[in-house]
Amino acid sequence: MQHNRCARRTCCLLAAAVLAGFFTASTAAAGRIAARVGAEEISCEAFGALDVRSCALGLLREIRTRAEREFVVAHGLEATATEIEVVRAHERAFDRHDQAQRAQKLEEVEARLVHMGYEMSAAQHARLIEFRSVLRRLAAYEADVARGALDPPPELPTETVAHWVEQAKLDPVLYQRYGGTVGLKASGAYAHSARAALAADYMRDHGIEVPEPEIEVRLQALLRAPPPIVYHGTTPDFTPFWMRPLVPSYIGP
């Protein structure tokens, strides 16, 4: 019994020491100066960063945000009310399209369960039943919204839509200016290397100093890092998703 108490006390002391070390290191990281822009000091704490890597990542995002905003304003790329309404119209059209797709899929699922249920395995039948339940719940929710029993989902904030528009206008201009590697994500192509080049130019032009060598090394590595998915074609298409045709939303089991 005495041995067990000692063992438990030792474990508690070790755990306390580890936690103390963790919080001390975290506090030290959070208190570091990530960058200086003239008289302005930007701390790692401003990004909620508790280690060097997350501090460098937060700093890169801050620099990119500032650089891109300055470029957008300087080149007259701000989102207009008309462009914002085009995005909102696309979102409304997508919602109608999505609802119609799900209604059609629900009919197909109902028919499969009635006419082909006996041909399915137990697992296949269970998956289809669950999928039908999901489609029914969504249909019931939309019916409640349509008759005013529930509030419709809120519109996207104007700031978010404006950011989308400005990013879509920014990418082809930056790519024409800098070239480089193009990345791909669900929303489409983006000028990965060109965005990094703009950030580097902004740092140089504004005399941004990164006093911590470790943060500087991490920041430069992030600027040079390739995108997760690289576009390998010759002519990237930067057409934003709201300017493309709508595609079927559901495949289902």
Side-chain angles (χ1 to χ4, degrees), residues 26 28-84 87 156-231 236 238 240-242:
S26 296
R32 287 182 173 183
I33 299 301
R36 293 190 180 95
V37 188
E40 178 190 4
E41 287 190 343
I42 304 173
S43 70
C44 293
E45 189 175 6
F47 315 126
L50 298 178
D51 55 61
V52 171
R53 183 182 181 281
S54 57
C55 183
L57 184 59
L59 179 58
L60 175 60
R61 288 171 177 161
E62 178 67 19
I63 292 168
R64 278 185 48 183
T65 297
R66 296 187 185 199
E68 291 172 7
R69 188 69 211 152
E70 183 178 272
F71 191 92
V72 163
V73 172
H75 292 80
L77 302 177
E78 298 99 324
T80 66
T82 300
E83 290 167 333
I84 290 171
V87 179
L156 286 166
T158 299
E159 294 79 7
T160 299
V161 180
H163 178 71
W164 290 357
V165 171
E166 290 169 1
Q167 289 292 302
K169 296 165 77 172
L170 187 64
D171 277 315
V173 176
L174 289 181
Y175 182 72
Q176 185 175 16
R177 178 170 181 166
Y178 293 105
T181 302
V182 172
L184 291 174
K185 52 188 176 182
S187 58
Y190 64 99
H192 177 84
S193 293
R195 292 185 187 186
L198 178 67
D201 282 354
Y202 182 88
M203 290 181 66
R204 183 193 65 239
D205 295 343
H206 289 266
I208 295 179
E209 176 194 359
V210 182
E212 293 270 0
E214 195 175 359
I215 296 174
E216 170 72 11
V217 169
R218 293 271 188 172
L219 177 63
Q220 293 302 322
L222 288 170
L223 284 168
R224 294 191 301 270
I229 303 176
V230 178
Y231 169 77
F238 295 109
F241 67 85
W242 58 88

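All heavy atoms count here, side chains included; hydrogens, waters and symmetry mates do not.
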Taking distance alone, no hydrogens or angles, what donor-acceptor pairs closer than 3.5 Å link side-chain atoms of residues 204-216 to residues at least two apart or in another chain?
residue	atom	partner	partner atom	Å
Arg204	NH1	Asp201	OD1	2.9
His206	NE2	Glu70	OE1	2.9
His206	NE2	Glu70	OE2	3.3
Glu216	OE2	Gln220	NE2	3.2

For [X], all residues meeting side-chain hydrogen bond (donor to acceptor under 3.5 Å, both in side chains), sequence neighbours excluded:
X      : answer
Thr160 : none
Arg36  : Glu41
Ser187 : none

Review point. Do the side chain of Ser193 and the main chain of Thr181 share a donor and acceptor less than 3.5 angstrom apart?
Key: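 Yes.
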
Review point. With a 4.5 Å limit on heavy-atom distance, are the side chains of His192 and Val230 in contact?
Key: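 The answer is no; the side chains never approach within 4.5 Å.
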
For [X] and [Y], work out which heavy atoms get closest and say how close.
X      : Y      : result
Leu184 : Tyr190 : N-CE2, 3.6 Å
Ala194 : Leu174 : CB-O, 3.5 Å
Val182 : Ala189 : CG1-CB, 3.8 Å

Point to revise | Qualifying ring pair (Phe, Tyr, Trp, His ring centres under 6.0 Å) pairs, either residue in residues 50-71, two or more places apart | key: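 Non-adjacent pairs meeting ring pair (Phe, Tyr, Trp, His ring centres under 6.0 Å): Phe71-His75.
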
With sequence neighbours excluded, what pairs up with [X] under the side-chain contact (heavy atoms from CB on, under 4.5 Å) test?
X      : answer
Ala199 : Ile63, Arg64, Leu223
Thr65  : none
Ala197 : Tyr178
Pro226 : none

Exercise for review: Show your working on side chain to side chain contact (heavy atoms under 4.5 Å, CB included) between Val52 and Arg32 and close with a plain yes or no.
Suggested key: CA-CA 9 Å; Val52 171; Arg32 287 182 173 183; 2.8 Å; yes

Point to revise | Partner residues of Phe238 under the ring-ring contact (aromatic ring centres under 6.0 Å, His included) criterion, sequence neighbours left out | key: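 Here the qualifying residues are Tyr175.
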
When the side chains of residues 162-169 are checked against the rest of the protein, which donor-acceptor pairs come out under 3.5 Å, sequence neighbours left out?
residue	atom	partner	partner atom	Å
Glu166	OE1	Arg69	NH1	2.7
Glu166	OE2	Arg69	NH1	3.3
Glu166	OE2	Ala79	N	3.1
Gln167	OE1	Arg195	NH1	3.4
Gln167	OE1	Arg195	NH2	3.1
Gln167	NE2	Glu68	OE1	2.8
Lys169	NZ	Leu77	O	3.4
Lys169	NZ	Glu78	O	2.9
Lys169	NZ	Glu83	OE1	3.1
Lys169	NZ	Glu83	OE2	3.2

Exercise for review: Output the distance between atom SG (Cys44) and atom CD1 (Ile33), rounded to the nearest 0.5 Å.
Suggested key: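 Those atoms lie 8.0 Å apart.
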
Practice item. With sequence neighbours left out, write down each residue that passes salt bridge (Lys or Arg N to Asp or Glu O under 4.0 Å) with Glu40, or none if nothing qualifies. Key: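 Counting only residues at least two positions away or on another chain, Glu40 forms a salt bridge (Lys or Arg N to Asp or Glu O under 4.0 Å) with Arg66.
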
